[in-house]
Amino acid sequence: MLSPREVVRTLPSYHPPLGGRDGLRLDFNENTVGCSPRVLERLRQMRPEDFARYPEREPLEATVAGFLGTDASELLLTNGVDEAIHLLCETYLEPADEALIVVPTFSMYRIYAAATGAKVISVPAGKDFRFPVEDVLGRIARRTRLIAVANPNNPTGTVASREDLLQIAAAAPHAAILVDEAYFEFYGQTLLGHWRELPNLFVARTFSKAYGLAGLRIGVLLGDREQVRAVRRVSSPYNVNSVALACLPDALADQAYVRQYVRDVCAGRKRLERAYASAAIPYWPSAANFVLAHIGSPEFIRKMRERGILVRDRSSDHGCEGCVRITLGPREHTDRLLAALQEAFEELRLGQRASRS
Ligand SMILES: Cc1ncc(COP(=O)(O)O)c(C=O)c1O
């Protein structure tokens with residue numbers, strides 16, 4: 001009988017609760033309104049023959065390189081950051097190797113690394129999810145071939161300093177260091193370009209979050225040109241579809257749209273953090289488009305759903321028992337969120353009164 005490889009049989013499966021997501025979706029860290037109108041206009045202009053041809057990635061790699069101020073040889077467009085992680089694992093990990101991750105973090109690092117047969121070593125974050133740089137440095141071994149860090153991190157919204165990340169990259173020149181900047185636009189700090197002094201360093205970015213293109217699946221992996229050349233070898237030449245490629249220049253050109261969205265999210269983030277503080281709900285200050293809080297009531301998620309708002313239970317993540325992650329969007333979504341939050345807190349008699357300010 002056909003049987004999957006042992007590591008695949010024992011792989012934890014990632015089951016995002018995607019079914020029946022009716023309502024205001026504040027559970028997936030997506031853009032809660034959509035993409036730039038310029039992208040929609042481009043979609044309307046696409047012709048039948050545009051769909052009949054295999055997609056050409058290279059011209060758009062030059063466009064993205066121009067936008068990011070790098071050379072096209074230093075990047076690879078990918079089917080979201082998900083694929084960038086997958087490709088790095090395929091490029092660098094052998095079955096006896098080790099991959100280091102700091103938990104809690106984005107689930108796909110573990111899944112793709114474990115699927116290669118490599119051993120995944122989880123380093124727990126420090127108090128208040130602080131980045132445990134000393135512990136990571138202490139776990140680097142000869143067999144460490146991948147270290148993946150989301151910065152800002154999901155689901156905590158916390159960050160690692162540039163110095164800590166560079167120190168790790170310098171201490172493990174035999175390992176690929178992935179700094180996953182999926183939430184860069186909400187944070188503003190980057191390690192872009194540092195692969196020129198540390199050629200084992202990679203940076204990943206996505207168009208799924210601030211740009212509102214999660215459904216089109218497009219991201220970018222950046223790094224030293226020799227390393228990127230190696231990663232390119234394991235990638236399908238058609239990994240990014242032609243609709244995503246056609247829309248990319250318009251998405252990049254409409255920076256006013258992205259800036260406004262980021263401003264709205266950051267204002268909403270402040271309001272939500274204030275509401276938690278005034279209700280004495282513990283939360284972790286976030287540098288991303290979501291906030292993690294210790295609500296502690298299993299009923300809270302149902303109460304929010306009754307009010308048409310989806311939020312995400314993160315209880316099963318390391319150190320996140322009783323925690324809920326809520327994504328921010330524009331002002332009208334934050335208004336709805338805070339009104340529902342207030343009612344849910346009152347019904348559950350949680351904390352003090354949540355502020356609507
Ligand atoms: C840290 C992190 N990296 C990557 C992703 C996935 O990004 P993409 O949609 O580009 O695959 C997510 C999505 O939630 C994320 O939180």
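Each ligand, and each atom within it, is numbered from 1 in the order the structure gives. Here the structure is a predicted model, which means the values were calculated and not measured. In this chain, numbering begins with 1 at the start of the sequence shown.
- Each of the atoms 1 (C), 13 (C), 14 (O), 15 (C), 16 (O) of ligand 1 lies under 4.0 Å from some heavy atom of Tyr183.
- Distances from ligand 1 to the non-hydrogen atoms of Lys209 include at least one value under 4.0 Å.
- Taking all atoms of both residues into account, the shortest heavy-atom contact from Asn31 to Gly212 is CB-CA, 3.4 Å.
- Residue-to-ligand polar distances keep Tyr109 apart from ligand 1: every N/O pair is separated by 3.5 Å or more.
- For Gly219, the heavy-atom gap to ligand 1 stays at 4.0 angstrom or more.
- The nearest protein atom to atom 9 (O) of ligand 1, hydrogens excluded, is given as Ser208 OG, 2.6 Å; this is a heavy-atom distance.
- Between Arg325 and Val291 the shortest side-chain heavy-atom distance does not fall below 4.5 Å.
- The distance criterion of under 3.5 Å between nitrogen or oxygen atoms is met by Asp82 with respect to ligand 1.
- By the 4.0 Å heavy-atom criterion, Phe207 is excluded from the residues contacting ligand 1.
- In terms of protein heavy-atom proximity, atom 2 (C) of ligand 1 is nearest to Asp180 OD2, 3.4 Å.
- Annotation: Val81 places an N or O atom under 3.5 Å from an N or O atom of ligand 1; distance criterion only.
- Pairs passing the salt bridge (Lys or Arg N to Asp or Glu O under 4.0 Å) check and including a residue from residues 71-88, sequence neighbours excluded, read Glu74-Arg196, Asp82-Arg217.
- The distance from ligand 1 to the heavy atoms of Ala150 drops below 4.0 Å at these ligand atoms: 1 (C).
- Every atom of ligand 1 is numbered from 1 in the order shown, and the set under 4.0 Å from a heavy atom of Asn154 is 14 (O), 15 (C), 16 (O).
- Through direct or relayed side-chain contacts under 4.5 Å between Ile, Leu, Val, Met, Phe, Trp and Tyr, Leu292 connects to Phe129, Trp284.
- The 12-atom threshold is not exceeded at CZ of Arg142, counting heavy atoms of other residues, nucleotides or ligands nearer than 6.0 Å.
- A cation-pi contact links Arg205 to Phe184, judged by a cut-off of 6.0 Å to the six-membered ring centre and 45° from its axis.
- Ligand 1 has no atom lying under 4.0 Å from any heavy atom of Glu83.
- Taking 4.5 Å as the limit, some side-chain heavy atom of Arg307 sits within range of a side-chain heavy atom of Glu343.
- At the shortest separation from atom 5 (C) of ligand 1 among protein heavy atoms lies Phe106 CZ, 3.4 Å.
- You'll find the side chain of Asp97 stays beyond 4.5 Å of the side chain of Thr144, heavy atoms only.
- For Asn29, no heavy-atom contact with ligand 1 is shorter than 4.0 Å.
- In this structure, the protein non-hydrogen atom closest to atom 10 (O) of ligand 1 is Thr206 OG1, 2.5 Å.
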Verdict with supporting geometry, Phe345 and Phe300, ring-ring contact (aromatic ring centres under 6.0 Å, His included): CA-CA 8 Å; Phe345 282 179; Phe300 173 74; 5.7 Å; yes
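- Within 6.0 Å of the CD atom in Glu49, the count of heavy atoms belonging to other residues, nucleotides or ligands exceeds 12.
- Nearest protein heavy-atom neighbour of atom 11 (O) of ligand 1: Arg217 NH2, 2.7 Å.
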